[in-house]
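This structure is a prediction, so every number in the text was calculated from the model and none was measured. In each ligand, atom 1 is the first atom listed, and ligand 1 is the first ligand listed.
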Amino acid sequence: MKNRSRLVIGNWKMHLSPGEAAAFVDAFRQELPSLPPAVGVGLAPAFPALERVGQGIAGTRILLAAQDVHPEAKGAFTGEVSAAMLKDLGVTHALVGHSERRRFRAEGEAVLAKKMSRLAEAGMAPVYCVGETLEEREAGQTEKVLERQLTAFDGVSAPPPGLVLAYEPVWAIGTGRAATPGMAAEAHAAIRSLLSARWGTAAARGLQILYGGSVTAANAASLFAEEELDGGLVGGASLDPAGFAAIARAAA
Ligand code: PEP
């Protein structure tokens, strides 16, 4: 029997202005009574919308997540946002290592490890994203890639407080081509076994691993039927309040 609860987080990427985000929250709040209480729900707006979303979800059980955080605590880093600033806005979680940042910002494990340290210092939880490209999968490298990405935890003796993992195969993100439930479950099991080797079976068994990559209201139930999947990190389909609510219901 697993003892992990399920969680769905909407990653809005560079979508929804503060005004649009507030309208989303108004609509999504109507859906809340229909959502299973056992499924955690989080929203990850772009930085400018965090405050409005935070105000809109105040008093609800919706978690506020950021899409990124800077690896340094403060200083002369024009245009950047620190963990303490996010904390002040009521943010509890931050994505770290999303493949779009690995790819477009060349973020590697060393900088991602620093981001997770800043989050831990500020009392926030990382949602650490891993996943292989199509080329890597076809070359039989999937597990090797996951292992390398998990080296961001080298020297970390226990899971950072609140840590959530997200398995997001790069080839499935925004492509409309989700992993099959079996493929996702296999990768999740591999990640859990790597985490077991790192921190022990009991600790690894308690960690939530979300699946991300073209999750929709149509395929969510079949993906979440896999016990290895503890929920989803949802991009495009999280921009529609009713659709995102349907995905959360499917995670029950
Ligand atoms: C994501 O960006 O984390 C993601 C999974 O996107 P999408 O659901 O659009 O594939």
Side-chain angles (χ1 to χ4, degrees), residues 6-16 20-21 24 28 39-47 49-50 53 62-69 91-107 112 115-116 119 125-134 136-137 142 145-146 149 152 163-181 183-185 187-188 191 208-224 226 228-251:
R6 286 189 154 182
L7 173 65
V8 293
I9 299 176
N11 171 19
W12 290 350
K13 313 193 189 199
M14 201 169 71
H15 298 291
L16 302 191
E20 291 165 339
F24 176 105
F28 191 64
V39 177
V41 183
L43 296 172
F47 288 141
L50 277 169
V53 172
I62 304 171
L63 304 169
L64 188 60
Q67 296 176 17
D68 185 38
V69 64
V91 170
T92 57
H93 291 69
L95 308 187
V96 175
H98 191 282
S99 63
E100 287 152 15
R101 295 200 63 86
R102 290 182 189 266
R103 179 171 168 213
F104 299 124
R105 295 296 189 106
E107 293 185 355
L112 301 176
K115 290 178 184 221
M116 288 195 277
L119 290 173
V127 179
Y128 185 65
C129 305
V130 296
E132 79 288 358
T133 62
L134 186 59
E136 289 162 341
R137 173 164 281 267
T142 299
V145 170
L146 299 174
Q149 291 170 332
L163 172 68
V164 175
L165 280 296
Y167 170 61
E168 297 211 306
V170 178
W171 48 270
I173 296 180
T175 58
R177 184 185 160 200
T180 65
M183 281 161 102
H188 283 224
I191 291 166
Q208 291 169 312
I209 307 178
L210 312 184
Y211 167 76
S214 296
V215 176
T216 64
N219 64 18
S222 64
L223 285 161
F224 297 150
E226 292 289 342
E228 267 299 336
L229 275 61
D230 301 311
L233 181 55
V234 185
S238 72
L239 295 168
D240 167 47
F244 186 50
I247 290 170
R249 280 191 292 273

request  = Indicate the atoms forming the closest heavy-atom contact of L7 with V41, along with that distance.
outcome  =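 Closest pair (atom of L7, atom of V41, distance): CD1-N, 4.0 Å.
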**Distance-minimising heavy-atom pair for A66 and F47** =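 Nearest heavy atoms, A66 then F47: CB-CE2, 4.1 Å.
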Looking just at side-chain N and O atoms, do Y167 and E228 make a donor-acceptor pair shorter than 3.5 Å?
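Checked: Y167/E228 side chains show no N/O donor-acceptor pair below 3.5 Å.
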Can a side-chain donor-acceptor contact be found between H98 and E168 if the only test is distance below 3.5 angstrom?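 Indeed, the side chains of E168 and H98 share at least one donor-acceptor pair under 3.5 Å.
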Query raised in the report: Mind checking what makes side-chain hydrogen bond (donor to acceptor under 3.5 Å, both in side chains) contact with E107, not counting sequence neighbours?
Result: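 Here the qualifying residues are R101, K115.
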#### Entry: Main-chain N/O of R6 paired with D230 side-chain donor or acceptor, under 3.5 Å
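Absent.
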Are any protein N/O atoms closer than 3.5 Å to the N/O atoms of ligand 1? If there are, list each pair with names and the distance to one decimal place.
from     : atom 1 : to   : atom 2 : distance (Å)
ligand 1 : 2 (O)  : N11  : ND2    : 3.3
ligand 1 : 2 (O)  : K13  : NZ     : 2.6
ligand 1 : 2 (O)  : H98  : NE2    : 2.8
ligand 1 : 3 (O)  : H98  : NE2    : 3.0
ligand 1 : 3 (O)  : E168 : OE1    : 3.1
ligand 1 : 3 (O)  : E168 : OE2    : 2.7
ligand 1 : 6 (O)  : K13  : NZ     : 3.4
ligand 1 : 8 (O)  : G235 : N      : 2.8
ligand 1 : 9 (O)  : G236 : N      : 2.8
ligand 1 : 10 (O) : G174 : N      : 2.6
ligand 1 : 10 (O) : S214 : N      : 2.7

